[in-house]
Number of protein chains: 4
Amino acid sequence: MAHPPTVPARKRNPRHTRDRLARAALELFTTRGYHETTTPLIATRAGVAEGTIYRHFASKDELLNEVYRAGVRLFVAALKESDARGGCRGRLEGVAKRWRDIAAREPALVRLVFSDAFTARVDERSRTTLRELRAELEKLVAAGKAAGEIRHGAAELHADLWLRLIELVLDRTARGTWKSDDPAIAQVIEAAWDAIGAPTGRTALSPGAPRVENAT
Amino acid sequence: MAHPPTVPARKRNPRHTRDRLARAALELFTTRGYHETTTPLIATRAGVAEGTIYRHFASKDELLNEVYRAGVRLFVAALKESDARGGCRGRLEGVAKRWRDIAAREPALVRLVFSDAFTARVDERSRTTLRELRAELEKLVAAGKAAGEIRHGAAELHADLWLRLIELVLDRTARGTWKSDDPAIAQVIEAAWDAIGAPTGRTALSPGAPRVENAT
Amino acid sequence: MAHPPTVPARKRNPRHTRDRLARAALELFTTRGYHETTTPLIATRAGVAEGTIYRHFASKDELLNEVYRAGVRLFVAALKESDARGGCRGRLEGVAKRWRDIAAREPALVRLVFSDAFTARVDERSRTTLRELRAELEKLVAAGKAAGEIRHGAAELHADLWLRLIELVLDRTARGTWKSDDPAIAQVIEAAWDAIGAPTGRTALSPGAPRVENAT
Amino acid sequence: MAHPPTVPARKRNPRHTRDRLARAALELFTTRGYHETTTPLIATRAGVAEGTIYRHFASKDELLNEVYRAGVRLFVAALKESDARGGCRGRLEGVAKRWRDIAAREPALVRLVFSDAFTARVDERSRTTLRELRAELEKLVAAGKAAGEIRHGAAELHADLWLRLIELVLDRTARGTWKSDDPAIAQVIEAAWDAIGAPTGRTALSPGAPRVENAT
DNA sequence: TATGAATGAGTTTTCATTCAT
DNA sequence: TATGAATGAAAACTCATTCAT
């Protein structure tokens, strides 16, 4: 699935080779697992010789980490792009949708970045990069909390809860189970907010009103 | 030509040895991962010779699967014990607490049963056992939905959402981050309910009506 | 965690290495037996590392089979070369001599191809190749039978009988007990014919006459 | 095939246990090969525990050798029983028939005693026992030669030739391909004689006459 | 005498990594 | 920069043998 376009042959752009290797590795790691992905397999899928891997990556492990960090950075970037205007809820929703778009475009990335299997395998530097993702999200949630939009409790915890539910959206999108406009997506995004949002409108007797506009 | 053992037999223990092996394997698999857990390592931890593993388990893979299924069964049992009386919310809360107790007692089981890394590695039979867990949970949620306690949307989705958040409790408990009486636990359990409970049901006695308009 | 080779690559040789492995294996299999021939032993004899075996043969078993089939093919080729002119007796004698030459050149091949130990171990494909040898020989005998040179009875049986006696020639030649010109060879070849040739044909038209004096 | 009669249980006659082990081993060695026959397998087939093997035989290797020698002795006995009266031809024929009877009764013995695989595996003592078989046969042939019945050439060679052909009878009988009265048996016995007998009767113009009655 | 759990050396096989070309 | 044959440590697994019971 998703083999990069086959290039005629010979005298390849070196950058190109590196990319082909990274893509092949990403695809294989996330479908077969790290150990089940052998270096001969990566090389074959990338259309290069086994030894060529080591011209571009110090080791198989380093290859995983580079692909991993690149993946995390993509999600972080989407997170940072989040429009500073708008309430916490709106911003989170925006993030969720951007992420969902990434998941639709690069399903393998979701399996790589949001899988405990890889998070556990990855080196300290990669873990730091991942922590950045978490930190950025917590910042967003903390701001919402300061604004009274988030319920009481640690911002980190709320970030965790929200993330766990949004991961469901990413997973189903990556798997192709849910298309971009599947109503379940909005449902989960709403549920994620319900799990962390301040109970204002909900405790009152007029439950849904302010949120109707939010729907979709 | 042959290879007589340098050191002969040693102990005596029928079920004991098997248990030691299972425990050692569980611990190692969940802390180091499947491939990083070598058979010599398991044997050493269990205090037996490497070959002894194979008197009790057909293969390393089978060892994983047996430990895995035993773990799943424990969670399923706790789920089935759930008091049939009481509303869906109460029953889910009961399940969450029983699971948290298991997590406190056997932290490794959480890492084994609720980790995609192992769920992906495990054989068909084990997967069937896991499906039972999911089915049981969905049954509970579906009943709640029929009673109007759960918001609209597929029961499976709600089961998923709830489970994802409760997994956070299990994870933190297994890690020892949260003790049994940590207030965060109740907070997450509440958040999990907020993510799937019918909105009105929480404020009033009349459950779902006003939220119909919310749909999509 | 991984296991980088302590000592790196070494030589350069495409077909050469494969041949060395095949020869070493042939020699060892036929002198020590299949199980007594370990892969480290084969590698050492071939002057390569153990892992190198698996770059050229899928498994130890496959190595045996490839060597085996190559051996059988050599004997089949000699059989097919058999001059179509001349009576059955002459042709059989020609085959026996060609085979004896092979046995002199490659003694190990005799032990490999004409040994029930290997015939039993070998895979279906190899067995088919061996059946070709038998079929070819039977064809030759059947032709002789049609020409009235072979005594009554199934051609397959006669082929079997002849082969069993010729195997003695091959075995003694392979062992070095009999040199190429040892009179025993002609004696066995004659005996083999006597065991299957039509009784009258020998008294008639000269062929047998000079041999009368040979008696005792 | 041919499992010895199942004995109820408990407190077995020790001699009996030893026999059961020997029989199980014989059967397994000859059908699966030495290495493919594991000690647990032998024990299971004999209906005893693994350790029990070592109460009766020093090692697996010793077990093989004891079974082997017992087998050889059986054939030697049949050879020695050979009626001293009668010509060499008659005596050889008698031996062949006695052996054929053994082959019919104990097919596994043929595969054990007349297989190069086992002959190569067996220890020096067993080889000596086998040499006795050969020596006895050579004695018989040498006597025939002295009487002018056997053609010129070394008696050992003639013994070898005759044996090789008779092995075919034993093999086919052991396999069940030929029943005791199969005409092929007489045919092979005749062929075996033709391969070594002095060419007297055959050079004459009256080839088959006296031998017709021999046929069966 | 019989048992069978335990042993560990030894087996085949894998695979990330190197380096001469 | 690219190649791919070669490497060898380490993996999972086997099995003849021992000995406490």
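- Positionally, the nearest nucleotide of DNA chain E for C:Ala58 lies more toward the 5' end than for the other of A:Ala58 and C:Ala58.
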What do the steps show when you test B:Tyr68 against B:Thr119 for side-chain contact (heavy atoms from CB on, under 4.5 Å), and what is the final call? CA-CA 9 Å; B:Tyr68 182 86; B:Thr119 306; 3.7 Å; yes
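- In this structure, B:Leu26 CG and B:Asp19 CG are separated by 11.5 Å, a value rounded to the nearest 0.5 Å.
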Test side-chain contact (heavy atoms from CB on, under 4.5 Å) applied to C:Ile42 and C:Leu63, step by step: CA-CA 11 Å; C:Ile42 297 171; C:Leu63 170 51; 4.0 Å; yes
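- Distance CD1 (A:Ile53) to C1' (E:dT17): 10 Å, rounded to an integer number of Å.
- Secondary-structure annotation of DNA chain E gives the stems E:2-21 with F:2-21, with a stem taken as at least 3 successive Watson-Crick or G-U pairs whose two distances both fall under 3.5 Å.
- A close approach under 4.0 Å does not occur between any side-chain nitrogen or oxygen of B:Tyr54 and OP1 or OP2 of F:dT14.
- Going from atom NZ of C:Lys60 over to atom P of E:dT12 covers 4 Å, rounded to whole Å.
- For B:His35 and E:dA16, the NE2 to P distance is 11 Å, given to the nearest whole Å.
- For the pair D:Glu50 CD and F:dT17 C1', the interatomic distance rounds to 9 Å; values are reported in whole Å.
- Under the 3.5 Å distance criterion, the side-chain polar atoms of A:Thr44 are matched with a main-chain donor or acceptor of A:Pro40.
- Applying the ring pair (Phe, Tyr, Trp, His ring centres under 6.0 Å) rule to D:Tyr34 yields the partners D:Phe29; only residues at least two apart in sequence or on another chain are considered.
- Distance CD (A:Glu36) to P (E:dC15): 9 Å, rounded to an integer number of Å.
- Between the C1' atom of F:dG8 and the CZ atom of C:Arg55 lies a distance of 13 Å, rounded to the nearest Å.
- Map A:Gly51 and C:Gly51 each onto its nearest nucleotide of DNA chain E; the residue landing nearer the 5' end is C:Gly51.
- Put simply, CZ on B:Phe57 is 16 Å from C1' on F:dA12, counting in whole angstrom units.
- Residue B:Thr37 is classed as a sugar-phosphate contact, given heavy-atom separations below 4.0 Å to backbone atoms only.
- For the 3.5 Å distance criterion, the side chains of A:Arg69 and A:Thr129 fail to qualify, holding no donor opposite an acceptor.
- Nearest nucleotide to the C:Thr39 side chain, out of E:dG4, E:dA6, E:dT13: E:dT13.
- At a threshold of 4.0 angstrom between heavy atoms, the contacts of C:Thr38 are confined to the sugar-phosphate backbone, with no base atom among them.
- Here B:Glu66 does not pair with B:Arg125 in a salt bridge; the nearest charged N to carboxylate O distance is not below 4.0 Å.
- At least one side-chain nitrogen or oxygen of C:Thr52 sits closer than 4.0 Å to the OP1 or OP2 atom of F:dT7.
- When rounded to the nearest whole Å, the span between CG of D:Asp61 and C1' of F:dC15 equals 14 Å.
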